[in-house]
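Notes to accompany the following structure.
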Amino acid sequence: MSVDLPTRIDELSTASEECAYEKVGFHQRHTIDASVLIDLARAFFEAGYVLEMITCQDLRAETQKMLLVYSFNRLESVDRQLLHLAIDPDTEQAPTLSMIYSGANWFEREVYDMYGVRFSDHPELERILLPEDADFFALRKDFGRMDEASAGGDEAEEGDDD
Amino acid sequence: MSQSITDYAPQTITELVGNPWLAMPMAAGIIMGALTVNVLMLVWAERKVSAWIQRRMGPTEVGPYGLLQTLADMLKLISKQLITPANIDKPLYHLAPLMAFAPVVGAVALFPVSRDYVLLDNDLGLLFVFALGGMAVIAIFMAGWGSNNKYALLGAVRSVAQNISYEIPLILSALSVVLVVNAMGGSTASGLNLSHIAWVQSHEHVWFILLQPLAAIIYFISALAETNRAPFDIPEAESELVAGFHTEYSGMRFSLFFFSEYTNMLIVSMLAVVLFLGGWDGPLLPGPAWFFLKSYALIFVMMWVRWTFPRLRFDQLMTFCWTVLIPLSILNLLATALAISVL
Amino acid sequence: MTNPPRELSPSTEGELYTLNMGPQHPSMHGVLRLVLQLRGEQIVNAKPVIGYSHRAHEKMAENRSALQFLPNSSRIDYLSGMIYNLGYCQAVEKILQIEVPDRAVHIRIIAAELNRISSHLLWFGTFLLDLGGITPFLYSFDDREQILDILDSVTGSRLTYCYGRFGGVTRDVDDEFLERSTAFIKLLRTRLLMYKRLVTDNVILRERCIGVGVISKDTAFRFDVTGPSLRASGVAYDVRKAEPYGGYDRFDFEVPTEEDGDTMSRFHVRIREIEQSCRLIEQAIASMPEGDILPKKMPKRFQIPKGEFYFACESARGHFGIYMVGDGSDIPFKMKLRTPSFSNLSAMPETLRGTMLADTIAIVGGIDIVMPEIDR
Amino acid sequence: MGKVDRKDGVVRLPLVNPANTPVRDPLGDEAMVDPAVVRLAVLDDLLNLGRANSLWPLTFGLACCAIEMMAAGASKYDMDRFGAGVFRPSARQADVMILAGTISKKMSPVIRQLWDQMPSPKWAIAMGGCTIDGGPFKYPNQYAIEEGADKIVPVDIYIPGCPPRPEALIAGILQLKEKVKAGRRFEG
């Protein structure tokens, strides 16, 4: 480990923000570009952080992008760091972390399954929770809303509403 | 002493009836009836014993104490649809249940349940029982191969490996008894005759479990494996192989496997009684009572073991057989032979 | 004592074949499907296929208010339903800054730890069932029934509890509840001794478990394996200690660890955790304060403020995280449930490689998975 | 004449028909039943009695309800008392499929396949709210679950609850027993 983690994060992230752990449950939040994700993840890995989860927010209504959220934590003493990575699911791909954190494999598959965000160089990017022949991304905001029952993304579902 | 031993010959059913053509169907009827009742009761007993061990009640609703539970199961199994899966090896698939069923029925005829009567008296009885027992493996393998199911095949392959391995200590431990019988019973009588083995024990007032304790233990362990009972129930290991070799069998075909499994339990227990526990020998009660008492006591122990222990892994099972049981049984056999020649 | 991982010479002879285990398979704990590539009985490749009980919890969370989601929470992981239910309440309380009265804190700890014990007991039973020992399963269910009865008396349900409320719990406990809990713990201690004699010391069990399915520290780290499976690999990580929540920092308990990372270690860790849970319950009962079970001042509506929040708690299987994004309304904009078994199971392909078919059952059973929790 | 026992809604034909006279079918208005059929009915009743007392469930849990199903088989409730405690892992040897838990869309073809693998006569019990109509997971535009087990297999007994208590499952099995005894079942 040549450079310590905070410096490395400062170098790579576009914006960083200290957060009140007592209130929100994490210590810092960083916004980054797709190009630095792997380097940053490797820095986290070398500093002994685990990858707790990868998830996504569908912000296409506001910013036309999906916001990938990575959560890193240290097991010895809690230090939760969130990474935000905005990505356009139609044109861009996020780099996979499954080469560094093996657990990222399934998290990324889940994000792909639910949001349709693709990950480049992923070893087996396929559906994980939904059936393989599913033609929708379940957690996208324009799909299957309860309050707009008839305007759901899947036309076949309409008959089931009552 | 030797005079009476050579004179000893129990009456067979053919001698009793006089006409072999009449005797054979009679014997078959007796065996089939007895075995059916036996299996019905054993399955009920298994469920009651397991319930007792597990602090449950077991079947209570059908008949008194749930005694008719197995009858209900049998009625149901008889009336179940017989599903024949696609792409099976038809002859093997259809023959396998019968192949499992027929030998065990045949083997029962040889057991001397009392001092004076036996259905079939054969000087090679022990070998015959082992030979018929060996056929069970073929049936299981036919079932596994014919079913076109990987679980069934895995179960069958395991079963073949297991049964062939465990047959060696099983037979070797029985052989040491045969040596003792031959030494004690004079040269004219066959040590392979089951009636004779039992008779020698009662005549000499010594059960062979006292002379051959190691052989008895080896026999019992191998017998558990031969009957595919837990902790050696690897061919049908439910949590691994679904139902093992009979995964694809339904209705009556499945119940034939069931039937042969429980009859097998009876056979190995009866053989153990004959080989080590003095056969019909015992005070007060008549011979057959003692014989069956001992047999069912052994079956109870088998059930007890089944509901207590977890299952061994396949390679551990084989290692145990080849590195512990077989050397021990060979040593035991050699020691017996040595002792006999010295004494 | 450290046990070296069991050496299996990799076989290279013979053809590969595929064996499909599940979704209906007696030891796949519900609806897990494992596609195994085997050579003989040795596993060359294992691929878990999940999603057979995907119930769209996360989508439902985005479509109903935080309060309406409450009954869902215990159905995510029905074996530690109380922990999930209370964990979800605690997450919302943290977000809305609701103060929980002391009595409710104690009640919650008793309920959650009882639930943890019942979950571990069920694991104990089903794990033994997977190994072919049927009787311990019925014994442990017998003990578990008593926990269910105790919790039933106060929550009204046996499995999918909805006992927590934002700010406290639904119903107050009475003395009888506390007495029964104390009596049960006393009984459980004697039962644990019996289990040790009957099960833990059994030579076949030891043969089946020692050195089987080793998850090294490194593997656990890369997959973020948590819970007893991680602690069995020698890492003393427990969310209750690492980031104390719900008043766990007021009580004295240890985080049991084992060094070997094999199935036997996981077995020991869980048994020792039961003991620790007993200690926690005893302390909570002994120091049970009088008072309210819900705060006096409560917000009228539970509106999730704008921003993102993370809350972690320790379920019976490991780190359960709730990541919530609010947009000011009472319906969360996004809720991610980070469930422990998901990560634990994802480490399976690596762990299973090179083991025997029979070990698969022991290993998958040993990490204690609950399928609906993985699939959500 | 066929005795109509309307008390429990079950129509029973007399067990013996000594005169071999044609029997009026109590269900149809003028339809006559062949006496031979009536004689066979005795055997059928006997077999039904056997079937009713030997309902072997398939070892098959889907979600939460599966735990209660296991509890019903364990010591305190002990389904084995009614002959229904023999959980068969292979569909070929099972008589009744207890659908215990939420049926996801991904799972439903598997369930159908398992149902087809079971030999008839066979029965299905829908255990819990999810298998009745989707239960707590039912909402408009739900994409993940099959709302009701009866969309996949013909269900004989519905047991409400989330999850139903083991007593409820046993009650359901006893209900099914009555149904089987009366000889009513779906074909196929």
Side-chain angles (χ1 to χ4, degrees), chain B residues 43-44 46-48 50-63 65-86 93 143 147 149 151-152 155 236-255 257-258, chain D residues 40 42-60 70-96 113-123 166 170 173-174 177-178 180-181 183 185 187-188:
Chain B
V43 176
W44 174 82
E46 173 106 59
R47 285 168 84 167
K48 277 292 186 189
S50 72
W52 173 63
I53 289 176
Q54 297 163 350
R55 308 199 299 192
R56 296 185 289 125
M57 291 177 77
T60 55
E61 294 293 302
V62 195
Y65 305 102
L67 269 170
L68 301 179
Q69 179 61 54
T70 333
L71 194 68
D73 291 340
M74 202 183 74
L75 274 176
K76 178 206 71 182
L77 282 170
I78 287 174
S79 65
K80 268 297 215 199
Q81 181 190 8
L82 283 176
I83 290 182
T84 308
Y93 179 83
S147 292
N149 180 316
Y151 288 114
E236 44 192 310
E238 183 175 312
S239 56
E240 294 154 32
L241 297 182
V242 187
F245 61 89
H246 56 66
T247 302
E248 289 289 346
Y249 284 88
S250 63
M252 213 45 213
R253 295 189 188 127
F254 161 66
S255 59
F257 280 118
F258 219 66
Chain D
L40 271 179
V42 181
L43 179 64
D44 221 32
D45 275 356
L46 187 67
L47 289 180
N48 281 338
L49 206 60
R51 288 168 185 155
N53 285 306
S54 162
L55 293 165
W56 292 359
L58 180 65
T59 317
F60 180 42
M70 281 152 76
S75 303
K76 190 172 174 186
Y77 299 97
D78 193 13
M79 272 182 357
D80 204 21
R81 285 179 295 158
F82 312 100
V86 187
F87 283 90
R88 294 307 307 174
S90 167
R92 303 271 189 224
Q93 292 146 16
D95 309 302
V96 48
Q113 190 184 358
L114 282 169
W115 176 254
D116 290 339
Q117 281 175 346
M118 283 166 64
S120 60
K122 54 192 170 185
W123 297 272
I170 289 176
I173 293 218
L174 293 181
K177 232 167 125 165
E178 292 306 311
V180 177
K181 261 189 219 161
R185 63 166 190 270
E187 293 301 329

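Model, not experiment: these values are computed from the prediction. Protein chains get the first letters and strands the later ones, always in sequence-line order, with residue 1 at the start of each.
Between the side chain of B:Ser250 and the backbone N or O of D:Met118, no donor-acceptor pair lies under 3.5 Å. Checking side-chain atoms of B:Lys80 against main-chain N and O of D:Pro121 turns up a donor-acceptor pair under 3.5 Å.
Note that OH of B:Tyr151 is 11.0 Å distant from OG of D:Ser90, once rounded to the nearest 0.5 Å. Here B:Leu68 contributes atom CG and D:Ser54 contributes atom OG; the two are 12.5 Å apart, rounded to the nearest 0.5 Å. If you take CG on D:Leu55 and NZ on B:Lys76, they are separated by 7.5 Å, rounding to the nearest 0.5 Å. Taking CG of B:Leu82 as the start and CZ of D:Arg92 as the end, the distance is 11.5 Å to the nearest 0.5 Å. One finds the CG atom of D:Leu47 at 8.0 Å from the CD1 atom of B:Ile78 (value rounded to the nearest 0.5 Å).
Between B:Phe258 and D:Trp56, the ring planes lie tilted relative to each other; the angle falls in the 30° to 60° range.
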Residues D:Lys177, B:Glu61; criterion side-chain contact (heavy atoms from CB on, under 4.5 Å); working and verdict: CA-CA 12 Å; D:Lys177 232 167 125 165; B:Glu61 294 293 302; 4.3 Å; yes
B:Leu75 and D:Leu46: CA distance, side-chain angles, deciding distance, side-chain contact (heavy atoms from CB on, under 4.5 Å) verdict: CA-CA 8 Å; B:Leu75 274 176; D:Leu46 187 67; 4.2 Å; yes
Trace of the side-chain contact (heavy atoms from CB on, under 4.5 Å) decision for D:Asp80 with B:Gln69: CA-CA 10 Å; D:Asp80 204 21; B:Gln69 179 61 54; over 6 Å; no
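Only the side chain of B:Leu77 comes within less than 4.5 Å of a heavy atom in chain D; its backbone stays farther off.
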